[in-house]
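Inspection log for the structure reproduced underneath, given as C-alpha cells.
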Amino acid sequence: MTTVRVRFAPSPTGYLHVGGLRTALYNFLFARHHKGVLVLRIEDTDRSRYVPGAVENLIRTLKWTGITYDEGPDIGGPYGPYIQSQRLELYREHAGKLVEMNRAYYCFCTPDRLENMRREQMARKQPPKYDGTCRRLSPREVQQKLQEKVPHVIRLKMPLEGETRFEDMIRGEVAFQNALIDDQILVKSDGYPTYHLANVVDDHYMKITHVIRGEEWLPSVPKHLQIYRAFGWEVPRMAHLPLLLNPDRSKLSKRQGDVAVEDYMAKGYLPEALINFVALLGWNPGTEQEIFSLKELIERFRLERVNKAGAVFDVQKLNWMNGVYIRRLSEDRLVEFLTPFLEKKGYDVSDRERTRKIILAVYKGIDKGEDIAEAARIFFQENVEITEPEARELLKKETSYTVIKVFYEKLHSLDRLDVDIFKQVMKEVQTETGIRKQDLWMPIRIALTGVTHGPELPYVIEIFGLEKVKSFVRQILEKVYREQGRP
RNA sequence: GGCGCGUUCGUCUAGGGGUUUAGGACGCCGGCCUCUCACGCCGGUAACACGGGUUCGAAUCCCGUACGCGCUACCA
C-alpha cells in the first residue's frame with residue numbers, strides 16, 4: 001500500500017486564516033491517522049500579492065497550533081523546493097509540453113480586449129467566457145507573434161463537448177459540462193503559472209495522494225483533470241471541505257470578527273482549544289464527546305465523517321471550550337499563561353507569589369487570557385469607587401453600616417490577616433451584631449472591591465493584606481458614611 | 001445571468017426507511033450550591049426549508065421549487 005501524502009498549500013497573504021487552519025488541520029489529522037506525510041507548500045505565484053515575512057509568520061503560527069508537517073520550505077524534503085516561485089522552470093517546461101501536445105495554446109489577447117469582451121457578454125446576458133480567438137490562430141500566425149515578442153499567456157484547451165465526472169470523497173459524484181468551462185490561463189504574461197497549472201504539477205511531483213482543500217476549488221477540478229490526463233498522470237483522490245461562515249452565513253471574512261489565528265493567539269485562546277473547536281466545525285466522530293486532545297482527534301478522524309454544509313464559526317462556543325481548557329490547566333501553567341495578560345494591562349506582577357494568588361482566585365470566571373485583566377482589576381486598584389447602583393443601595397442599609405464599623409474596630413487589634421483569622425473575625429462580627437449571611441458579607445465585599453461580585457472574600461482579604469483592608473474600610477467610613485451624617 | 005454545491009433547534013451537530021414523544025453540545029431561561037459572581041450540578045426552551053412523488057410507513061429515497069453559499073480573473 002502506498003503511503004498517504006497530503007499537502008497544505010496556502011498562499012502567503014500575511015497571516016493564517018482560521019479557514020486555512022481547518023484545512024491544515026484536516027490534512028494533518030488525515031496524514032497522521034494514516035501514518036502518512038504532510039507537506040507544507042507555499043503557493044506564491046501571484047507576485048502582486050507578495051507580503052514580506054508572510055511565510056515566516058505562517059510557519060510560526062502553524063507551530064503554535066501544534067500542527068506539524070514532514071516536508072516544507074523550512075525543513076526541506078525529497079521533493080522540494082516547497083515554494084512555488086522557486087519551481088518556475090518546472091511549470092514553464094510543462095506548459096510548453098501541453099502546447100506541443102495541442103492541449104494548450106498561446107493567447108495574445110490584451111487584458112483590455114478581454115475586459116471589453118466580458119463586458120459585452122454580460123450585457124448580452126451570456127456567461128463570460130474566453131471567445132477562443134487565439135485558439136483558432138494558425139501555427140504560422142502563432143510563430144510570427146512569438147517572434148515579434150507580442151506579450152502572451154498560455155491557455156488550457158478545454159474540450160468543447162462531453163462532460164467531466166469525478167468522485168469527491170465528501171460530496172460523491174460531481175459532474176460538469178465541458179463546454180461551459182473556460183480556457184483557463186495556465187501561464188501568465190509575466191511567465192508565472194496560475195494556481196491551476198502549478199498545483200497539478202506540484203501535486204504530481206510531490207506524489208500527493210489526496211487533495212484536501214476548500215470547497216471554493218470544486219468548480220476548477222475539471223480543468224485540473226484535463227492537465228492530469230494530458231500528461232497521463234494518476235489523479236489524486238479529492239476531498240472538498242465545506243466553507244467556514246460568518247454568523248450571517250457568508251464566507252468567513254474580516255470585519256465580522258477575527259479571522260487570523262494570530263488574533264486568537266493574542267486574545268488568549270489556547271491552541272488546544274482552538275484546534276478542538278475548529279476540528280468540530282464540519283466533522284464529528286459520531287459520539288457525544290466534545291473535548292478532544294490532538295491525539296484523540298488523530299485516532300478518530302475520518303474524512304467520510306466530514307459534513308457537506310458550511311459551518312458558522314460561533315465564537316460563543318469557542319469561548320466556552322477555551323474556558324474548559326483554561327480550567328483544566330495545572331496551577332503552574334495557569335500562572336505562566338495568564339501572567340502576561342496582567343502585565344500587558346500594566347499591572348505590577350513583580351510579586352510572583354501575590355500574582356499567583358490573584359490568578360488562582362479569579363481564573364474560573366474567565367474564558368480567555370485577556371479576560372483576566374478585568375477579572376483581577378479589584379486587586380490592582382488603589383481606591384474604591386462605588387458606581388454600581390446595587391452596591392450603593394446595599395451600603396445604605398442600617399446593617400451595612402453596623403457591620404463595617406464593628407469590622408473596622410476589630411481590625412485594630414490585629415497584627416496580621418489571613419484566611420483563618422478573617423473567618424474568625426467575621427464570626428465574631430456575626431455573633432456581636434446578630435447580622436448574618438448576605439447582610440454580613442456584602443458590605444465588606446463592597447467596601448473592599450466596590451462591586452457586588454468577585455472571588456471568595458477570604459481570598460480577597462488575604463491577597464489585600466491587613467493594611468490595605470484597613471485603609472479601604474476607613475475610606476468607606478469616611479467617604480460614604482460621613483456624607484450620610486454618621487459618626 | 002450560467003454552472004456547481006448545500007439546506008435537522010439561534011449556532012455546532014447526531015440520526016440515513018419503522019428503535020424518534022428527533023439525541024448531544026454552546027447560548028438562553030429556571031433551580032441547587034453559595035456572602036456575590038463565576039465554576040460545578042440539575043432541569044427547561046428550541047429544529048427535520050417548502051411542494052410533489054416512491055412506500056403499509058419518509059427527517060431518512062427520488063423529482064421539483066425556494067433560499068443560501070461558492071465559482072464564473074493574467075487571485076489563490
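Residue numbers start from 1 in every chain, and the chains themselves are labelled A, B, ... in the order their sequence lines are given, proteins ahead of strands. Bear in mind that the values here come from a model prediction, so they are computed numbers and not experimental data. Side chains are part of it too, since the values below use all heavy atoms of this structure and drop only hydrogens, waters and symmetry mates.
Distances were taken from every side-chain heavy atom of A:W320 (C-beta onward) to each of B:U36, B:A14, B:G27; the shortest belongs to B:G27. Of the candidates B:C35, B:C71, B:C12, the closest approach to any side-chain atom of A:E216 belongs to B:C71. Closest contact between the side chain of A:E288 and the listed nucleotides B:U72, B:G23, B:C39 involves B:G23. Counting only heavy atoms from C-beta on, A:P128 has its side chain closest to B:G1 among B:G1, B:U36, B:G6. With distances taken from any side-chain atom of A:L180 to the nucleotides B:G70, B:G2, B:G4, the minimum falls on B:G2. Counting only heavy atoms from C-beta on, A:P219 has its side chain closest to B:G70 among B:C12, B:G70, B:C74. Distances were taken from every side-chain heavy atom of A:K188 (C-beta onward) to each of B:U36, B:C12, B:A76; the shortest belongs to B:A76.
Nucleotide B:C28 has B:G44 as its partner under the Watson-Crick or G-U criteria, with both atom distances under 3.5 Å. Across every strand in view, B:G68 sits in a pair with B:C5 that passes the Watson-Crick or G-U test at under 3.5 angstrom. Within the shown strands, B:G53 is the pairing partner of B:C61 under the Watson-Crick or G-U definition, both distances less than 3.5 Å.
The aromatic ring centres of A:Y192 and A:Y91 sit 6.0 Å or more apart. Annotation: A:F301 is in aromatic contact with A:Y26 [ring centroid separation under 6.0 Å].
Nucleic acid contact for A:A9: none, since no nucleic acid atom lies under 4.0 Å from a heavy atom of the residue. Note on A:V174: only backbone sugar-phosphate atoms sit closer than 4.0 angstrom, heavy atoms only; bases stay farther off. As judged by a 4.0 angstrom heavy-atom cut-off over every strand, A:Q316 is placed among residues touching the sugar-phosphate backbone only. Looking at heavy-atom distances under 4.0 Å, A:G282 makes contact with sugar-phosphate atoms alone, never a base. Residue contacts shown for A:F176 are limited to sugar-phosphate atoms, with no base heavy atom under 4.0 Å away. Using a 4.0 Å heavy-atom cutoff across all strands shown, A:Q177 reaches no nucleic acid atom at all. At a threshold of 4.0 angstrom between heavy atoms, the contacts of A:N307 are confined to the sugar-phosphate backbone, with no base atom among them. Using a 4.0 Å heavy-atom cutoff across all strands shown, A:V153 reaches at least one base atom of the nucleic acid.
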Step by step, would you call A:Y347 with A:F379 a ring pair (Phe, Tyr, Trp, His ring centres under 6.0 Å)?
CA-CA 9 Å; A:Y347 293 154; A:F379 296 108; 10.0 Å; no
Steps toward salt bridge (charged side-chain N to carboxylate O under 4.0 Å, His left out) verdict (A:D44, A:R49)
CA-CA 8 Å; A:D44 60 343; A:R49 289 221 269 176; over 6 Å; no
Could you walk me through whether A:Y69 and A:F8 satisfy the ring pair (Phe, Tyr, Trp, His ring centres under 6.0 Å) test, starting with their C-alpha distance in whole Å, then the side-chain angles of each, then the deciding distance to 0.1 Å, before giving a yes or no?
CA-CA 9 Å; A:Y69 44 91; A:F8 173 53; 9.0 Å; no
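Nucleotides of RNA chain B nearest to A:L245 and A:Q126 differ in position, and the one nearer the 5' end is that of A:Q126.
In this model, the phosphate group of B:A76 is not approached by any side-chain N or O of A:T13 to a distance below 4.0 Å at OP1 or OP2.
A donor and an acceptor atom never sit less than 3.5 Å apart when one is taken from the side chain of A:R327 and the other from the base of B:C39. Looking at A:R249, its side chain has no donor and acceptor atom pair within 3.5 Å of the base of B:C69.
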